Amino acid sequence: VFTVSEITPKGELSLKNVIVRVFFNRNIEPASIRNKISVKKQVSVDLKEEVKGTYNVEGNRVEFVPSQVCPESKDKFCFDSNSWYEVNVSEGIIASDAKKTQEKAYRTDGGINEGEESPDAGIGSGLAVSICRAFGIESNCSQKFKAGNFVDAFGPDIKIFAPTDG
């Protein structure tokens, strides 16, 4: 069964410059995500608006980055502070036999889909199509998160203490 294995982030977050990631249990055809994955902001009880941004594909992972520049850090992209968002994946995404990479595979911000598939991006089997509610469990194709107030503008600081040199 070809299905979504995880959607991140989830729950209430402290950061607002997060990347939405959808993981599948197999590699996917980049072109098959068009209009199959959405990120929407909960504007009111009955109203959700699609977030503009860019979808990138690498193997079994799809990443979504919003188009909105963070006011605190002009080189970062952010969701609105203290707002709820819902990520939805529709059935029908096609599995691939090859690990494919495509930046800007799909854009909702009016920009041109500039990305090109990786050189090994031949047509996959096309036989496996994603489904939700696999194995009788609740839908695994939807996730909600609340963006926080902070922007993570720095990379991690890593130090190795052991083994000591010498």
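What's counted below: heavy atoms across the whole structure, side chains too, no hydrogens, waters or symmetry copies. Not measured: the values here are computed from a predicted model.
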Go through I33 and F64 one step at a time and tell me if the side chain to side chain contact (heavy atoms under 4.5 Å, CB included) criterion holds. CA-CA 12 Å; I33 70 167; F64 174 80; over 6 Å; no
Validation row: [X], [Y] side chains within 4.5 angstrom (heavy atoms):
X	Y	answer
C70	N17	yes
V18	F79	yes
D80	K41	yes
I37	V62	yes

Fellow cluster residues of V65, listed by chain then number, with links counted only when side-chain atoms sit under 4.5 Å apart: I19, V69, F77
Taking the basic N atoms (NZ, or NE/NH1/NH2) and the acidic carboxylate oxygens, is any pair closer than 4.0 Å for E50 and K40? no
Run the side chain to side chain donor-acceptor pair (under 3.5 Å) test against S83 and tell me which residues pass, sequence neighbours left out.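 Side chain to side chain donor-acceptor pair (under 3.5 Å) check on S83 returns nothing, list empty.
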Using the side chain to side chain donor-acceptor pair (under 3.5 Å) criterion, which residues pair with N25? Sequence neighbours excluded.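 Applying side chain to side chain donor-acceptor pair (under 3.5 Å) to N25 gives none.
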Among residues at least two apart in sequence or on other chains, which ones pass salt bridge (Lys or Arg N to Asp or Glu O under 4.0 Å) with E86?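 Residues passing salt bridge (Lys or Arg N to Asp or Glu O under 4.0 Å) with E86: K48.
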Applying the side chain to side chain contact (heavy atoms under 4.5 Å, CB included) criterion to S32, which one of E29, R34, K36 satisfies it? E29
List the atom pairs, with distances to 0.1 Å, where a side-chain N or O of residues 7-14 and a protein N or O form a donor-acceptor pair under 3.5 Å, not counting sequence neighbours.
none

Provide the full list of side-chain hydrogen bond (donor to acceptor under 3.5 Å, both in side chains) pairs with a residue in residues 145-161, sequence neighbours left out, each pair given once.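 Counting only pairs at least two positions apart or across chains, the side-chain hydrogen bond (donor to acceptor under 3.5 Å, both in side chains) contacts touching residues 145-161 are N82-N149.
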